[in-house]
Amino acid sequence: MVPGLPLKNTQASTGDTFEAAVLAGLSRRPRAIPAKFLYDAQGSALFDAICELPEYYLTRTEITILRDRAPEIAALAGPGRQLIEFGSGSSVKTRLLLDSLEAVAAYVPIDISGEHLEATSRRLRADYPALAIVPVCADYTDLPMLPWLPGSSGAAKLGFFPGSTIGNLDPDEALAFLRNARRLLGPGGALVLGADLKKDPGMLHAAYNDSAGVTAAFSLNLLARMNRELGASFDLEGFAHEAFYNPAAGRIEIYIRSLRPQSVRIAGQRFFFDAGERVHTEYSYKYDLADMDALAVPAGFVRTQTWTDPGRLFSVNYFVAT
Ligand code: TRP
């Protein structure tokens with residue numbers, strides 16, 4: 001193996017191709033396209049813009065909590081941990097932990113994007129020259145597919161899963177993820193988990209329906225991506241972003257809605273959309289502390305600490321393997 005190159009967990013890690021996922025997702029009822037396809041280069045840039053919006057409190061609130069509490073997190077974790085991040089992206093939040101954790105044995109960022117991993121690892125190596133960085137290219141929801149983790153050298157492990165990404169998993173997927181993470185982190189393992197809290201539905205609604213229309217552009221970029229990559233014939237004016245809080249399910253539901261009856265050609269096939277018909281793209285579950293414990297305990301964790309902001313918008317939680 002070449003040191004410094006991300007390990008590639010092929011096939012199983014990346015799942016369906018975009019075309020296969022789109023054709024299958026639009027052929028079934030209710031129609032749905034997996035949210036991961038929102039994040040091509042344009043989509044990722046639009047999501048970065050979402051994170052800067054006044055209404056989208058999630059990212060900045062989590063960063064503030066991590067910045068304020070990193071010394072406490074580091075004290076709980078103790079020295080010599082191997083830090084494993086599930087879905088590391090640009091590792092911006094990780095730096096807050098790395099600046100406080102003592103004698104980190106290795107940093108293992110797991111991400112589905114090899115390009116992201118390489119660019120991020122290069123920047124981190126420059127800023128943390130003494131840190132062993134072992135990037136792994138894989139889908140963090142496919143942890144059972146990871147046959148082994150490099151450099152596991154017996155160091156106690158600390159998992160890191162920020163961004164309320166847990167909220168984008170259905171409850172059964174979230175439980176499966178936590179069980180797999182628990183197995184990977186082993187005895188003595190701990191997990192730092194960021195989760196968006198349940199709150200005033202009006203505030204949640206605003207976070208997913210910003211007044212500048214950036215969220216709508218992000219949503220509809222999925223159609224633009226189909227036009228770019230699959231030669232599809234979507235008229236973006238004929239569709240709208242839709243997001244609302246479903247209090248019974250405790251989640252934001254996100255769809256693309258057809259504004260009129262229309263037919264669209266995608267990869268040589270025709271699809272008909274009724275007026276008002278929706279394509280589901282993402283759920284974003286919101287957690288209270290009881291919801292979190294209901295997942296943690298059957299997964300083999302106990303929540304020993306929770307930090308929030310003064311407005312109780314977002315939570316950073318410390319889970320310990322039981
Ligand atoms: N993970 C983000 C969240 O749940 C994703 C997101 C934010 C999103 N706004 C969106 C996904 C709009 C689709 C459409 O907060």
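Residues take their numbers from the sequence shown, with the count starting at 1. Excluded from the calculations below are hydrogen atoms, water molecules and symmetry mates; all remaining heavy atoms, backbone and side chain alike, are included. Numbering of ligands and ligand atoms starts at 1, following listing order.
- Salt bridge Asp127/Arg95: present, at least one basic N to carboxylate O contact under 4.0 Å.
- Here the side chain of Ser113 pairs a donor or acceptor atom with the backbone of His116 at under 3.5 angstrom.
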Which N/O atoms of ligand 1 sit under 3.5 Å from a protein N/O, and at what distances?
from	atom 1	to	atom 2	distance (Å)
ligand 1	1 (N)	Asn168	OD1	2.8
ligand 1	4 (O)	Asn168	ND2	3.0
ligand 1	4 (O)	Tyr208	OH	3.3
ligand 1	4 (O)	Ser284	OG	2.6
ligand 1	15 (O)	Tyr56	OH	2.5
ligand 1	15 (O)	Tyr208	OH	2.5

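- Applying the salt bridge (Lys or Arg N to Asp or Glu O under 4.0 Å) test to pairs two or more places apart or on separate chains, those with a residue in residues 199-222 are Asp196-Lys199.
- Evaluation of the salt bridge (Lys or Arg N to Asp or Glu O under 4.0 Å) test over residues 295-320, restricted to residues two or more places apart or in two chains, returns Asp293-Arg303.
- For the side chain to side chain donor-acceptor pair (under 3.5 Å) test, residues two or more places apart in sequence or in another chain that qualify with Glu85 are Thr94, Tyr107.
- For Tyr208 and Tyr245, the gap between ring centers reaches or exceeds 6.0 Å.
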